[in-house]
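First up is the structure itself, then whatever we jot down about it.
To find a chain, count down the sequence lines: A is the first, B the second, and so on, and within it residues start at 1. This one's a predicted model, so the numbers in the text were calculated from it and none came from an experiment.
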Amino acid sequence: MSQESQKYNHGEIEEKWQKQWVDQGIYQQYDRPEKFYALDMFPYPSGAGLHVGHPKGYIATDVFTRMKMLQGKSVLHPMGWDAFGLPAENYAIKNKVHPAKAVAENIVVFKQQLQKIGFTYDWDREVNTTDPAYYRWTQWIFLKLFEHGLAYEADEPINWCPSCKTGLANEDLEDGKCERCSSVVEQKKMRQWKLRMTAYADRLLEDLDKTKLQWEESIRIQQRNWIGRSEGAIVKFSISPPKADPPLADNFQFPIDVFTTRIDTIFSGTFLVLAPEHEFVDAVKEHIQNWNEVETYRQTLQTVSLIDRTSAGREITGIELKGITAINPATKESMPVWIADFVLAQYGTGAVFADAHDTRDFAMAKKYRIPLKVSIQPEDPALLEQVKALAVCYPGEGKLFNSQQFDGMTSAQARPKIVEWLSQQGSAKPTVNYKMRDWVFSRQRYWGEPIPLIHCEQCKKKKYQYVFIHGFTGSSQGVFFPWLAQELKRQGHTVFCPDLPNTEHPNIQEQVEYILDNTAINEDTILVGHSLGGVVMMKLLEQISGSVRRAVFVDPVVSKTFNDHARPDVEKSNDWKFDYAKIKSNIREVVVLADARHPIIRVEDIEKLRTVLNANQTITVHPEADHFTASQEPEILRAIDSIGTIALSEDELPLKLPEVEKYEPTGTGESPLAGIPEWVNTTCPQCGGAARRETNTMPQWAGSSWYYLRYIDPRNGAALVDLNKEKEWMPVDLYVGGAEHATRHLLYARFWHKFLYDIGSVSTIEPFKRLINVGLILAEDGRKMSKRWSNVINPDDIIEHYGADSLRLYEMFMGPFTQSIAWSTDGVKGVRRFLDRVWNLKERTLNPKLSTLNPNIDRLLHQTIKKVTDDIEGFRFNTAVSQMMILVNAMEKADSLPLSQFSILLLLLSPFAPHMAEELWHQLGNSESIFEAQWPQYDPSLAKESEVEFVVQVNGKVRDRFAIPVGLPEVQVIAQSLERDAVRGWLEGKQIRKKIFVQDTLLNIVVS
RNA sequence: GCCCGGGUGGUGGAACUGGUAGACACGACAGACUUAAAAUCUGUUGGCCUCACGGUCAUGCGGGUUCGAUUCCCGCCCCGGGCACCA
């Protein structure tokens, strides 16, 4: 062997093995019985390329998966690209390059950089969120959400730059001003698509604990806080009519709902405060005597961000709505109504009742001299004195006074009692509130997945004939769905709401004929059938010729079996046989509304109906009362309102992004897609008339909310993932990524996953079993790595000089994995020195004179096997590496080093420095890859120490230490300790009060 | 402001479940090798007092619990992440 070939030449070795591993397919051994799925948060392929901070988490999963491979598991470790989003779009605007082109170029660079690090990625499974073959399924998931009533439109404020005439991301703001032109940014309301994530709030919360997720507690806490469940009550404050002319507006008679968690303070509520944006303010505009001032105040707030508005340092501002008063439902006293900046429309009901027991309310009352009352007493009498004198605010809990029959109760006792008392009067109800809001899901941008919907103005504007078909117990209480009927009439539709014959002992055929005799059903008819009305509707649909526009089933009875109890009259009412084909051909659109919380109607029946009629919307709601017997009219209106918004059919997916000339927003706030008539204009699948495509695109979060599923089955054309394959690999065993994703990305992905579970697309209720956050790597100057500071370190340079193994080993050694740590190239030199020393150890093993087994090394070796195995499992890579350094230090000094011991070192090192380990493995005469070998087993008997250093303390201070055999009994150890000169000196002239003995560790002698 | 982390030598960090603070590295200093430098190897390396044995202080700051606290509790200070359109 020549001198030359003995030198550690990292470049040559790394290139050689990277190629061989891929050629041999060692990363594609998927047929072993045990599976392990390791997932990295996929990167955004930016133009700047990778810096050394990016791969830290990837190296960790790679170390982990290599150990799992050695432990005999099949490992899935994929990689892909999260490539939609703002930077590519801004780059496109600036450089007139199609974002797809820029993204493709960036991916090439990223991929080359990653491949040099020697990861176990199976590149055959690479995914790219911007690939139509991928986003086809992102769009498919959206359609399913839409069908299930989980996607809806609402007005949402966006950051609007009046001079650039464009919506701005929060990122593009600087002190409330536009980053580009420094104009003051306004809050402008725009129609946006939202996803009803709040419907999953409870499950997102409960499953954090129920499903034994191995997540750091801090992430779970952050998720819980983000969801922000709080139990309280909604209290209705009626508005007392002003004496003023003109008379009240229609909605003026509605009371204002206030959500509170502190209903125990209701008796001290002396004024009401609304969010400035509260819709009530506009609704009663004519009655507000100081409207001009109110309007001016509201305008000044438009330029203040929500975070600033609520920050505690800021002085509270507000203005009274003169001419409007409310009634406190507990005291029956009149209260002034104000609007103020600290009340947010997004939280609770956007209104609070204010009293002396909230610091912000208190401050506001003091500032504007609004009268206050006190009803909670603190225990401290001196404090009580001050509280009663209104000198200080007491926001805590305590005993109630000034509270009528609740006087003397504690806050906790009083809360349920007061809610009960008020709800008997119809002015309160217990309510759960969430801080979490629904997900604003649309962006007015080019570079995102197009939302696959069509809007038809004709269908939307058209006046329809509604036919309400009530259920079993009839409409004896009056008009069935009265508010809904009134609302539809107000919109100009006609509503036929018959009182059907024989409701106590119904005959379905008789009811069908009654309807047919009394109204004309045609293609502009919309049928709404509730409960038993569902069967009537089905039978009716069998008997008509021509089709109705839409059939809305509201918790319909479609079989004679009920979940709660038998109803013989219903069972006898018809034959329960349906001609589904006929029914289906007679309906253009089907909507099914179902009660998910307390189902009276069997879930299987609803499912069957949905499938058999191919419902284009199934809305699962939790009605306030079971089975929609009380008013759920707004929910039903919501289902009806969706008319004219039509989902693309699945076979039209993917709906591809068109080529455009300009990527800039349009100036109206609409997406650039709105400026492409060939793309926007289409025909309505319902009426065949002219219609427009939805021009909003999805947010970047969409593609990253399900990518982990696509890796499992990346080329499936029939489903987003094959269910059997999903069962094989899910849930993800290990998910590693940045702490910045601890709330939103993880909530979004969990939400989608639960939804996919509900519709049967996946078999697991949680996607990620174990989750670990990676800490940042800062630049050597302690700042973040950024082009701006020109302190970026490129992994390519480190690999060139020191090798990929050194890079990997250093990033694992630099410190605790989750912590942010500054880069140190000197540190890389240090681990490179370590690798050189390992390399040189090979010579010793090849020397036959040095091949006898050394028991001291063997003990250390087995301690090291245990520590490295446990530390990798626990993500304590830094201490795993330092233990290997201790072992190598000892091996260098040992007078012998047999091949067997050195081979174990190589195996332990192989996850961290795979190239070098593989090379040495082969040089030692192995012909198979080291990754086909077995991870070493730890033998506790070999690892055991025979002697320990024992510590003697006097009054807690270490005074002596000496060696004792392990397990030496207490009596003997104490006797020896008391004889020691170093100890005796400290005991002289003192009384021994106490002796604390810890086996094999220490003795503390307490003296005085 | 609110929520979640973190703070230990000149530097990155170690310390099991409350039991020897500073493992392992980096840097620095000294020595060996070399004409020389680099590389490599050997040794020293928290502060203060001491020739030394040793003593004493010390884990962001201030208190507390305990025989004993980097670890547990209370109150502060500083730094990082998140706060819903950066990803």
Side-chain angles (χ1 to χ4, degrees), chain A residues 41-44 46 82 84-87 90 156 158-159 167-173 192 197 216-226 228 306-314 342 346 435-445 699-701 704 738-745 747-748 773 775-776 778 782 784 810 813-816 818-831 833-834 836-837 840 870 876 878-879 881-886 889 892 949-958 960-961 982 985 993-998 1001-1007:
Chain A
M41 285 185 191
F42 60 167
Y44 179 84
S46 76
D82 187 16
F84 273 129
L86 274 181
N90 290 338
E156 277 297 314
I158 63 161
N159 301 314
L168 296 177
N170 289 342
E171 173 88 347
D172 299 333
L173 303 185
Q192 301 283 7
M197 187 156 64
E216 277 166 58
E217 187 55 23
S218 67
I219 305 175
R220 284 210 293 237
I221 292 170
Q222 283 185 73
Q223 294 237 324
R224 270 186 222 122
N225 292 343
W226 185 277
L306 291 180
I307 295 169
D308 291 344
R309 252 176 61 179
T310 52
S311 69
R314 194 183 141 87
F342 72 93
Q346 292 90 342
K435 214 174 270 167
M436 183 173 80
R437 304 198 296 270
D438 283 338
W439 177 5
V440 180
F441 196 70
S442 49
R443 301 288 183 271
Q444 293 70 54
R445 302 197 189 276
Q700 171 278 334
W701 305 102
S704 60
E740 66 274 23
H741 295 300
T743 46
R744 283 179 297 159
H745 161 64
L747 278 168
Y748 294 149
N773 282 155
L776 285 178
L778 304 171
K784 271 192 187 178
Y810 170 66
F813 180 59
M814 62 194 299
T818 56
Q819 205 161 295
S820 294
I821 300 167
W823 176 264
S824 156
T825 300
D826 279 336
V828 182
K829 286 183 197 160
V831 296
R833 267 202 285 267
F834 167 74
D836 281 327
R837 284 158 56 205
N840 294 335
D870 291 352
R876 296 180 298 267
N878 53 332
T879 48
V881 175
S882 73
Q883 181 66 31
M884 287 189 284
M885 288 174 168
I886 292 169
N889 288 347
E892 280 180 331
E949 193 181 44
F950 189 80
V951 166
V952 186
Q953 296 180 335
V954 178
N955 284 350
K957 292 199 189 238
V958 178
D960 198 13
R961 34 189 117 196
R993 299 286 170 201
K994 208 173 179 183
K995 283 180 278 209
I996 290 126
F997 175 79
V998 183
T1001 306
L1002 65 71
L1003 172 69
N1004 188 9
I1005 305 166
V1006 183
V1007 298

Q) Can you check whether A:R443 has a side-chain N or O nearer than 4.0 Å to OP1 or OP2 of B:C85? A)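 Checking B:C85 against A:R443, a side-chain N or O does come within under 4.0 Å of OP1 or OP2.
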Q.
Can you see if the side chain of A:Q819 gets near the phosphate of B:G13 - specifically, an N or O under 4.0 Å from OP1 or OP2?
A.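 Yes, because at least one side-chain N or O of A:Q819 sits under 4.0 Å from OP1 or OP2 of B:G13.
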For the [atom1] atoms, the ones on [N] and on [M], what distance do you get once it is rounded to whole angstrom?
N: B:G60; M: B:U70; atom1: C1'; result: 12 Å
N: B:U20; M: B:G1; atom1: C1'; result: 45 Å
N: B:C57; M: B:G63; atom1: P; result: 15 Å
N: B:A21; M: B:A58; atom1: P; result: 13 Å
N: B:C26; M: B:G75; atom1: C1'; result: 37 Å

Check whether the side chain of [X] and the base of [N] form a donor-acceptor pair under 3.5 Å.
X: A:N1004; N: B:C67; result: yes
X: A:Q444; N: B:C85; result: yes
X: A:R993; N: B:C67; result: no

Given [options], identify the nucleotide with an atom nearest to the side chain of [X].
X: A:K784; options: B:G81, B:G13, B:C3; value: B:G81
X: A:V998; options: B:A87, B:C4, B:G19; value: B:G19
X: A:Q222; options: B:C57, B:C4, B:A87; value: B:C4
X: A:E171; options: B:C86, B:C3, B:G68; value: B:C86
X: A:K957; options: B:G81, B:C85, B:C57; value: B:C57
X: A:K994; options: B:G6, B:C67, B:A87; value: B:C67
X: A:A169; options: B:C86, B:G12, B:G82; value: B:C86

Q: For A:I1005, answer base if it contacts any base atom (sugar-phosphate contacts may also be present), sugar-phosphate if it contacts only those atoms, and nothing otherwise; contact means non-hydrogen atoms under 4.0 Å.
A: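 Since no nucleic acid heavy atom lies under 4.0 Å of A:I1005, the category is nothing.
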Q) Taking protein heavy atoms under 4.0 Å as touching, what does nucleotides 20-31 of chain B look like 5' to 3' if B marks base contact, S marks sugar-phosphate-only contact and - marks none? A) BS-BBSSS----
Q. Would A:D826 and A:K829 pass as an ion pair if we require N to O under 4.0 Å?
A.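 Counted as a salt bridge, because a side-chain N and a carboxylate O are separated by less than 4.0 Å.
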Q: State the syn/anti category of B:G9 according to its glycosidic angle, syn meaning within 90° of 0.
A: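 Glycosidic conformation of B:G9: syn.
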